[in-house]
Amino acid sequence: MTDSLTSMFQQQCEHLLQLQNRLLTSPIDTIPIDVYKELMTTYLCLSKINEAKFLWENLPAHMKTDKEFQFLASLVSSLNLKQYGDFYRLCQTALENNSSCDLSLQMNQYLQKLISRVTIQNVELIELAYKSISFDDLQKFFGLNTKMVQQICNDRAWQMDSAGVYVLPKHNDNTSAASNSNLTKLVELVCFLER
């Protein structure tokens with residue numbers, strides 16, 4: 001995990017504990033709907049998709065009519081099914097046409113954090129899993145337009161072949177160093193056990 005993702009994760013964990021404590025210590029009738037929205041967005045930012053889904057399923061019916069909650073439920077569904085193209089489309093539509101989704105300023109900020117977290121996580125997974133990937137597959141995976149995928153490639157210093165068909169993700173040196181270290185420890189352990 002990158003430093004920015006780690007610090008975001010720690011902040012969100014602390015925020016989750018505060019929200020859960022508030023829910024446990026307050027009478028259920030006095031908890032405003034915004035607290036439940038915050039809880040759901042915090043679950044999403046922490047990749048706790050099942051918890052967010054459970055929260056949605058157990059909300060009172062009158063809360064499920066809220067437009068922001070319905071939007072969050074659609075994000076939960078797309079992330080649960082790993083349909084990242086749908087996830088990014090929903091986010092882009094909501095951010096570009098804020099009036100049609102009626103997102104609050106706070107929800108807008110949560111959405112930005114969520115997009116950042118999902119993008120960083122997916123980029124890191126691509127770096128771990130692929131030596132090369134076609135640009136079209138990368139574009140389908142993210143569900144983003146060509147310009148935005150090129151921006152991700154440039155930001156991560158990924159190389160493209162001369163024809164622009166394949167992308168060569170730059171592997172994180174820290175990951176290979178850690179796995180080399182683990183491999184060295186494993187070899188030492190085997191050598192020790194063979195004695």
Side-chain angles (χ1 to χ4, degrees), residues 1-128 141-145 148-149 151-152 155-156 172:
M1 244 190 288
T2 61
D3 291 338
S4 62
L5 193 58
T6 303
S7 65
M8 185 189 318
F9 183 79
Q10 290 171 344
Q11 290 172 351
Q12 291 297 324
C13 283
E14 291 170 9
H15 187 64
L16 177 62
L17 289 174
Q18 292 170 353
L19 286 172
Q20 288 173 332
N21 187 38
R22 182 173 177 190
L23 288 171
L24 290 172
T25 58
S26 301
I28 198 154
D29 298 344
T30 63
I31 301 170
I33 191 170
D34 292 337
V35 174
Y36 288 103
K37 289 179 194 177
E38 267 187 77
L39 182 62
M40 185 175 276
T41 55
T42 304
Y43 281 147
L44 289 174
C45 286
L46 290 171
S47 298
K48 294 179 178 264
I49 308 303
N50 289 331
E51 286 88 341
K53 186 177 171 185
F54 182 80
L55 177 63
W56 171 254
E57 291 171 353
N58 291 290
L59 279 175
H62 72 278
M63 287 188 183
K64 289 184 178 181
T65 60
D66 183 82
K67 292 229 187 254
E68 282 186 346
F69 251 135
Q70 291 173 354
F71 173 71
L72 288 172
S74 61
L75 292 180
V76 169
S77 176
S78 62
L79 289 173
N80 186 47
L81 298 172
K82 297 187 182 344
Q83 295 174 338
Y84 298 110
D86 292 345
F87 167 78
Y88 285 112
R89 264 189 297 286
L90 284 168
C91 291
Q92 282 179 324
T93 303
L95 292 174
E96 290 171 0
N97 305 325
N98 196 11
S99 59
S100 65
C101 294
D102 293 328
L103 295 182
S104 66
L105 180 62
Q106 187 175 19
M107 187 60 66
N108 234 332
Q109 292 170 347
Y110 280 123
L111 189 56
Q112 294 289 348
K113 285 181 187 177
L114 181 60
I115 292 168
S116 175
R117 197 263 316 151
V118 169
T119 302
I120 291 170
Q121 180 181 352
N122 288 338
V123 164
E124 289 178 349
L125 288 173
I126 288 170
E127 287 176 343
L128 286 173
F141 184 77
F142 282 111
L144 299 172
N145 63 37
M148 294 179 87
V149 173
Q151 181 66 39
I152 290 172
D155 290 347
R156 300 299 285 200
N172 190 343

Is the backbone N or O of [Y] less than 3.5 Å from a side-chain atom of [X], with the two atoms forming a donor-acceptor pair by type?
X	Y	answer
T65	H62	yes
N122	V118	yes
E68	K37	no

request  = Could you give me the CA-CA distance, side-chain angles and deciding distance for L16 and Q20, then say whether side-chain contact (heavy atoms from CB on, under 4.5 Å) is met?
outcome  = CA-CA 6 Å; L16 177 62; Q20 288 173 332; 3.8 Å; yes
Should [X] and [Y] count as side-chain neighbours, where that means a heavy-atom distance under 4.5 Å?
X	Y	value
Q106	E38	yes
M63	W56	no
F71	L111	yes
V76	Y43	no
L72	M107	yes

task = Measure across E57 and K64 and return the closest heavy-atom pair with its distance rounded to 0.1 Å.
result = O-NZ, 3.5 Å
query = So which heavy atom on L44 is nearest to which on L114, and how close?
reply = O-CD1, 3.4 Å
Regarding [X] and [Y], do their side chains bring together a donor and an acceptor under 3.5 Å, going by distance alone?
X	Y	value
Q151	D155	yes
R22	Q18	no
Y84	S78	no

So, taking the atom named [atom1] in [X] and the one named [atom2] in [Y], what distance separates them when rounded to the nearest 0.5 Å?
X	Y	atom1	atom2	answer
K113	R117	NZ	CZ	13.0 Å
L23	I31	CG	CD1	4.5 Å
L46	H15	CG	NE2	9.5 Å
L59	F54	CG	CZ	10.5 Å
L39	T41	CG	OG1	8.0 Å
L75	F87	CG	CZ	6.0 Å

task = Give the intermediate values and the outcome of side-chain contact (heavy atoms from CB on, under 4.5 Å) for residues M148 and Q92.
result = CA-CA 12 Å; M148 294 179 87; Q92 282 179 324; 3.2 Å; yes
key: K82 atom NZ: more than 12 heavy-atom contacts under 6.0 Å   = no
request  = Test I115 against L95 for side-chain contact (heavy atoms from CB on, under 4.5 Å), laying out the working first.
outcome  = CA-CA 11 Å; I115 292 168; L95 292 174; 3.6 Å; yes
task = Check the pair Y88 / T119 against side-chain hydrogen bond (donor to acceptor under 3.5 Å, both in side chains), numbers first and verdict last.
result = CA-CA 9 Å; Y88 285 112; T119 302; 2.7 Å; yes
